[in-house]
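Every number for a ligand or one of its atoms is a count from 1 in the order of the listing.
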Amino acid sequence: MVFGFQISFARVGSTVNFIVMEPLYRYIKNQINVPNYQSLSIALLVASLTCVLSLVSALLLAWQDKRAEKLLHRKTPDATEVVKMSDVRYFPKVFWLVTFIIVFYYTSIFPFVALGKVFFEKKYNFSPDSANLINGIIYIISSICAPGLGLVIDKTGRNLFWVFLSILGTLVSHMFLAFTFVNPYIAMFTMGLSYSMLASALWPLIAMVIPEHQMGTAYGIAQSVENLGLAVVALLSGIIVDSDGYYMVELFFCLLLSAALLLTAILWTWDSMSNGILNMSIKQRNQLESNKTPSPEKQNLLHNNDTYTED
Ligand SMILES: C[C@H](NC(=O)[C@@H](N)CCCCN)C(=O)O
């Protein structure tokens, strides 16, 4: 649920961005008599101030964390827990599978949203404002539903089941947009729900297979591989739209999601053939945890269960 809340807050930001940026650009254009490109630059400069705010918040958080460490005499990692970039070589294959599911899933979401406005204008004859609204709807849904869906995962566990269902839901939504003229709000609503569910089910899998002292490195690597995928797919989808149109780019997104679904099926099979940790119910997880005596430093499931077996 914590992850759900975090996503929800991030999505409030995305929604505000969707609603505010165009009016802000128009306002600047009307107020200051400068060429369009300069109005755009000023609007982007205003937007970039949120990055400064974000940086200041991160610095404040780091300072608070250091202070808490001193006041509470928190244990520092022992010598065996020193983090090295070269540890990446020893990350389990499961980690890489999760990372590639992240890549194939999100590359069918963010580049789609980037192209979505014109897609809705062209295919469904929406006005620019209506196209913008429907395009941003997955973020609106996510900012409202992510905490509730996170709670569902907290109550049920079974993360791989929810990941599979979310990817399937997103694939069906893209197929509706590609092959039918059914009211696109239905597809976008389903995509929004699936997208909100996926984050709370998928990202915590990394914490289940990576030791706590390497978790920052693992999440950093997953995000950087994701960003590399996003950069490549954003370029490719732009090229496909220009050369073959929106139908082909929708097919491309369906292909990426099929790959994500296939990798999830492989992960699920793999997991059930080893210790089944990634798809346990909450009851099973609690039983597993009560059979172990976890130290506060080692509260992720990998440590509680000694190792994530790769055989
Ligand atoms: C949790 C996930 N976040 C990401 O995938 C980020 N690495 C990239 C966010 C980019 C948003 N335009 C999510 O948002 O579900």
Check: W203 N/O within less than 3.5 Å of ligand 1 N/O =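 No, since none of the N or O atoms of W203 sits under 3.5 Å from an N or O of ligand 1.
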ask   = Does the N or O separation between Y195 and ligand 1 drop below 3.5 Å for any pair?
value = yes
Shortest protein heavy-atom distance from [atom], along with the residue and atom involved:
atom                    : result
atom 4 (C) of ligand 1  : E226 OE2, 3.6 Å
atom 15 (O) of ligand 1 : Y106 OH, 3.0 Å
atom 7 (N) of ligand 1  : Q223 OE1, 2.6 Å

key: Pairs flagged by ring pair (Phe, Tyr, Trp, His ring centres under 6.0 Å) wherever residues 221-241 is involved - sequence neighbours left out   = none
message = So, using side chain to side chain donor-acceptor pair (under 3.5 Å) as the criterion, who are the partners of Q284 when residues are at least two apart?
response = S281
query = Parallel under 30°, tilted from 30 to 60°, perpendicular over 60°: which one fits the rings of F91 and F95?
reply = perpendicular
note = Any heavy atom of I7 under 4.0 Å from ligand 1? The part involved is side chain
query = Measuring from the heavy atoms of R11, does anything fall under 4.0 Å of ligand 1?
reply = yes
ask   = Is the NZ or CZ atom of K123 both under 6.0 Å from the centre of the six-membered ring of F181 and within 45° of that ring's axis?
value =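 Relative to the ring axis of F181, which defines the angle, K123 lies inside both limits.
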query = How about F189 and Y185: are their ring centroids closer than 6.0 Å?
reply =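 Centroid distance F189-Y185: not below 6.0 Å, so no.
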remark   = To atom 11 (C) of ligand 1, the nearest of Y139, Y219, F110 on a heavy-atom basis is F110
ask   = Short question: side chain of H174, backbone of S108 - any donor-acceptor pair under 3.5 Å?
value =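 Between the backbone of S108 and the side chain of H174 there is a qualifying donor-acceptor contact (under 3.5 Å).
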